[in-house]
Amino acid sequence: MELPKRYNANESEEKWLKYWEKEKVYLFNPDSKEEAYSIDTPPPTVSGKMHLGHSFSYSQQDFVARFQRMIGKNVFYPFGTDDNGLATERMIEKMKNVKGQKMERKDFVNLCLKTLEEIRPDFVYDWKRIGVSADYSIFYTTINEHSQRISQRSFIDLYKKDRIYRKRAPFVWCPECQTAIAQVEMKDSERDSRLVYMKFDTDVGKQITIATTRPELLPACVAIHIHPDDKRFNKLIGKKAKIPFSDREVKITANKDVDMEFGSGIVYHCTYGDMDDVKWLEELKIEPIEILNKDGILNEKAGKFKGLHVKKAREAVIKALEEENRIEKIEPIHHVVNVHERCETDIEILNTDQWFIKYLDLKADFIKYGRKIKWYPDHMRARYENWIEGLKWDWNISRQRHFGVPIPVWYCRKCNEIIVAEEKQLPVDPLADKPLKSCKCGSNEFIGEKDVLDTWATSSLTPDIAIELFKDKAVYKKLLPMDLRPQAHDIITFWLFNTVVKSYFHHQSIPWKSTMISGWALDPHGKKMSKSKGNVVDPREMIKKYSADALRFWAAGSRLGDDLPFQEKDLITGTKFATKIWNASKFTFMHLSDYKSEKPKKLEIIDIWILSKLSKLIKESTENFMNYEYSHTKLEADKFFWHMFCDNYLEIVKDRVYNVEKRGKNGKLSGQYTLYHTLLSIMKLMAPITPFITEELYQQYFKKYEKAKSIHLSKWPSFDMVDEEAEKAGEFFVFVLQQVRKAKSEQNLSLKKPVKRILAKGKITLEQFNAIKDDLKATTTAEEIEFEQLPENNEMDYEVVVDL
RNA sequence: GGGCCUAUGGUCUAGUGGCUAGGACAUUACCCUCACACGGUAAAGAUCCCAGGUUCGAAUCCUGGUGGGCCCACCA
């Protein structure tokens with residue numbers, strides 16, 4: 001058989017994608033007797049297309065999935081899409097040019113669901129295209145009925161366990177999206193702003209100056225803080241200050257949190273400028289003065305500034321202060337403010353009704369659970385613990401949005417009692433459905449809860465969501481805890497942590513035995529890729545240009561957990577690998593055309609040499625893969641293939657396979673046996689990394705002899721033929737060969753040019769030398785080779801003289 | 001400010017106590033050698049971030065510093 005001259009990656013990759021799908025190569029078998037290996041696949045968010053970071057970390061988890069499959073595990077590798085929440089709402093609003101707030105919830109939700117159906121196949125295809133070997137028939141979306149049912153059931157369970165409560169509390173609020181957001185949904189944004197020095201009157205007559213970037217919160221001022229050690233002002237502690245444009249007086253209090261260096265050294269305490277203000281209110285038991293509405297407009301408590309939006313109010317307050325001569329100065333300031341990451345709007349802190357999961361009392365347990373999980377790499381656990389130790393707030397799970405899993409409760413119209421949905425009626429939409437029973441007070445009139453659940457409240461249940469698709473099967477009970485959670489390091493603090501929390505409450509168990517944490521793909525200068533910086537790379541273009549294998553080959557180049565700067569030229573390495581293995585296979589298959597899988601009576605020593613090296617490589621690669629160190633496997637297998645196999649072994653074996661009449665049948669057969677097993681083993685070692693080219697070559701030749709219908713269902717290689725003596729002979733061989741090549745290169749001669757005479761000295765026996773002599777003569781194109789055995793105590797291992 | 005990680009030829013990296021510090025990309029020279037010129041052979045290129053320390057011996061371990069990354073906190 002002969003391979004085409006060139007490998008067409010695009011054509012080939014598309015072909016095998018179809019084949020894998022048609023042949024159900026990655027199908028999980030729930031009835032299998034084999035040990036299962038379950039993966040809690042991260043569901044990517046449909047609101048954004050696959051970016052390079054995705055292809056990086058999903059490739060890395062796929063290496064592991066493919067390896068586990070090849071060592072015989074029944075791999076449970078589901079695929080889901082995360083498509084509820086604010087991000088999706090914004091995408092749909094943009095796509096369809098609508099405003100969710102202005103529509104009936106039902107209509108907007110239906111529009112979202114319908115649109116998602118349209119875009120989902122294309123979206124998922126990107127993951128298939130990079131070769132993610134998930135079983136796409138084990139599919140969920142975080143908004144489908146199945147997920148909603150599980151998410152609402154989780155809510156009910158926690159409610160019954162007294163872990164959920166509803167409370168009016170100050171919380172981070174986005175006035176643009178008009179919803180509470182979590183701390184993790186905020187990001188920093190740099191702003192040029194003004195630091196306004198305002199003069200307040202005090203009851204001791206003299207004025208004090210307060211510096212602020214938020215003068216518009218003046219009507220919400222509830223106290224003035226001074227550091228007790230601040231000699232300039234501490235005499236004023238206990239006195240009162242008058243709020244301009246009002247009759248109110250506030251206390252001047254001592255507060256050690258005040259930074260004496262900042263501004264004037266005096267802080268005005270508002271409702272609520274930041275989380276410190278919230279803390280101080282609680283500590284000092286001061287009543288808040290809430291001047292902001294949910295849309296960021298000042299209300300009647302703001303007095304004459306009522307009806308203005310914060311930005312306008314800021315100008316108005318400054319102007320009014322100027323008119324009363326209350327501005328000492330205004331300094332430009334460049335500072336960092338918190339904005340909502342989705343819309344870049346400055347966040348506010350508002351007092352609203354929210355649902356919380358109470359868990360601050362369980363920090364120690366969560367840390368304990370974290371230590372039961374095996375972390376790869378281990379140091380990532382520190383981030384998890386660091387986060388837990390710093391937790392200050394319970395988990396706010398309610399969002400004032402439309403498109404999410406509804407919070408399954410109603411309020412009795414008469415007695416205000418909270419009625420929670422029953423499990424058998426899930427999923428439920430309290431705005432459309434009714435409770436199954438009447439209220440204790442006898443009333444049958446209810447108000448449905450409008451809020452929906454935070455998207456993390458659902459995605460923290462991915463193990464349950466995936467596994468419950470097999471609820472009726474015997475395997476169901478064996479899948480928890482799952483074997484692996486693969487994900488990137490940026491979401492340890494929420495997705496990973498939240499999943500542990502849910503598993504703790506619902507199963508009293510860790511969700512998975514291990515977690516592998518991927519790093520990030522960075523831009524060529526080691527910076528984070530982001531749309532705003534304009535340094536994002538589209539993986540689809542890279543695949544088109546270089547192939548998915550090349551992208552994966554690159555992704556395998558970083559150690560697990562390490563970030564990797566992306567340089568387009570690095571993808572060339574992967575395409576070169578494909579070309580090389582294509583050509584090496586072409587040669588090998590050509591010489592295996594008359595090979596019938598028989599084993600020779602006696603293997604040539606050089607063949608034993610490479611098979612011994614191969615045995616060691618396989619052993620190491622297996623161990624590395626067991627520890628999720630795929631990058632070592634890739635590195636070592638690639639090096640072995642290129643340098644050991646191609647540069648040296650193929651050159652050595654040529655004489656025997658080309659010239660049977662001269663070298664004898666056994667010599668050829670020994671070579672064929674070695675070629676077959678070495679190349680097949682290399683293919684298999686690389687199959688998890690570059691699944692397409694290895695499948696192509698497996699199908700072209702090896703499939704005829706190996707039983708598996710795909711290389712990805714074939715057995716992981718095993719070879720146990722370590723022979724140190726043969727390795728010594730092989731190393732001697734390679735050294736002589738290198739010396740001859742060097743000599744020719746220095747004389748600018750072709751490698752084909754015959755060599756008159758070689759004198760080779762080494763620490764091998766004459767018998768060993770004689771066993772490699774014919775191969776050595778042919779490979780070096782020497783007319784004559786003399787050998788001299790060096791004593792063991794000789795300083796040099798080898799000495800070679802080449803006469804050209 | 002706190003936590004974690006990281007620093008190796010121009011670039012990306014391998015290497016956790018002893019090797020002439022390995023490889024890839026890029027560079028230079030030569031070679032159309034019967035799998036491959038999308039190739040081969042060879043060459044050049046690294047005071048292993050800096051300063052101390054431990055050790056017979058440090059790229060590797062410890063301390064401090066500097067640079068980079070991520071997460072968290074702060075940002076009146």
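These numbers come from a predicted model, not from an experiment. Quick note on labels: first sequence line is chain A, next is B, and so on, each numbered from 1.
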Any side-chain N or O of A:R559 less than 4.0 Å from the OP1 or OP2 oxygen of B:G15? yes
With respect to the phosphate group of B:A24, does any side-chain polar atom (N or O) of A:K639 fall under 4.0 Å of OP1 or OP2? no
Need one value for A:H643: base, sugar-phosphate or nothing, where a base atom within 4.0 Å counts as base even if backbone is also close, heavy atoms only. sugar-phosphate
Hey, can you tell me if A:Y798 and A:F732 have their rings parallel, tilted or perpendicular (30° and 60° cut-offs)? tilted
Classify A:V258 by what it touches in the nucleic acid, base, sugar-phosphate, or nothing, heavy-atom distance under 4.0 Å. base
Do A:D276 and B:C74 have a side chain to base donor-acceptor pair shorter than 3.5 Å? no
Other residues, nucleotides and ligands only: do more than 12 of their heavy atoms fall within 6.0 Å of CD on A:E11? no
Using distance alone, with no hydrogens and no angle criterion, decide if A:K744 and A:T781 have a side-chain donor and acceptor under 3.5 Å apart. yes
Which part of the nucleic acid, if any, lies within contact of A:H632, taking any heavy atom under 4.0 Å across all strands shown: a base, the sugar-phosphate backbone alone, or nothing? sugar-phosphate
Just checking, A:K634 and A:F553: is the charged tip under 6.0 Å from the six-membered ring centre and within 45° of the axis? yes
Between B:G53 and B:C25, how far apart are the two P atoms, rounded to whole Å? 42 Å
Side chain A:K586 and base B:C36 donor-acceptor under 3.5 Å: no
Would you please confirm or rule out a distance under 4.0 Å between OP1 or OP2 of B:G69 and any side-chain N or O of A:H489? no
Looking at B:A14, which nucleotide sits across from it as a Watson-Crick or G-U wobble partner, both distances under 3.5 angstrom, or is there none? none
Under 4.0 Å, counting only non-hydrogen atoms across every strand here, what does A:A578 touch: a base, just sugar-phosphate, or nothing? nothing
Counting the atoms with a prime plus P, OP1 and OP2 as sugar-phosphate, which does A:T579 contact under 4.0 Å by heavy atoms, base, sugar-phosphate, or nothing? base
A:D638 near the nucleic acid: base, sugar-phosphate alone, or nothing, with a heavy-atom cut-off under 4.0 Å? nothing
For A:R741, which contact category applies under a 4.0 Å heavy-atom criterion: base, sugar-phosphate, or nothing? sugar-phosphate
Which comes earlier along RNA chain B counting from the 5' end, the contact point of A:E636 or that of A:K752, where each point is its nearest nucleotide? A:E636
Cation-pi geometry met for A:R485 and A:W495 (6.0 Å, 45°): yes
Could you check whether the rings of A:Y676 and A:F702 sit parallel, tilted or perpendicular, using 30° and 60° as the cut-offs? perpendicular
A:L751 CG to B:A29 P, in whole Å, measures 18 Å
Give A:D274 one of three labels, base, sugar-phosphate or nothing, depending on what nucleic acid heavy atoms sit under 4.0 Å from its own. sugar-phosphate
Looking across every strand, which nucleic acid part, if any, lies under 4.0 Å from A:D277 by heavy atom: base, sugar-phosphate, or nothing? nothing
How would you label the contact of A:E389 with the nucleic acid (heavy atoms, under 4.0 Å): base, sugar-phosphate, or nothing? nothing
Using Watson-Crick or G-U wobble geometry with both distances under 3.5 Å, which nucleotide pairs with B:A21? none
So what does A:C646 hit on the nucleic acid, given a heavy-atom distance under 4.0 Å: a base, only sugar-phosphate, or nothing? base
N or O in side chain of A:K742 less than 4.0 angstrom from B:A43 OP1/OP2: yes
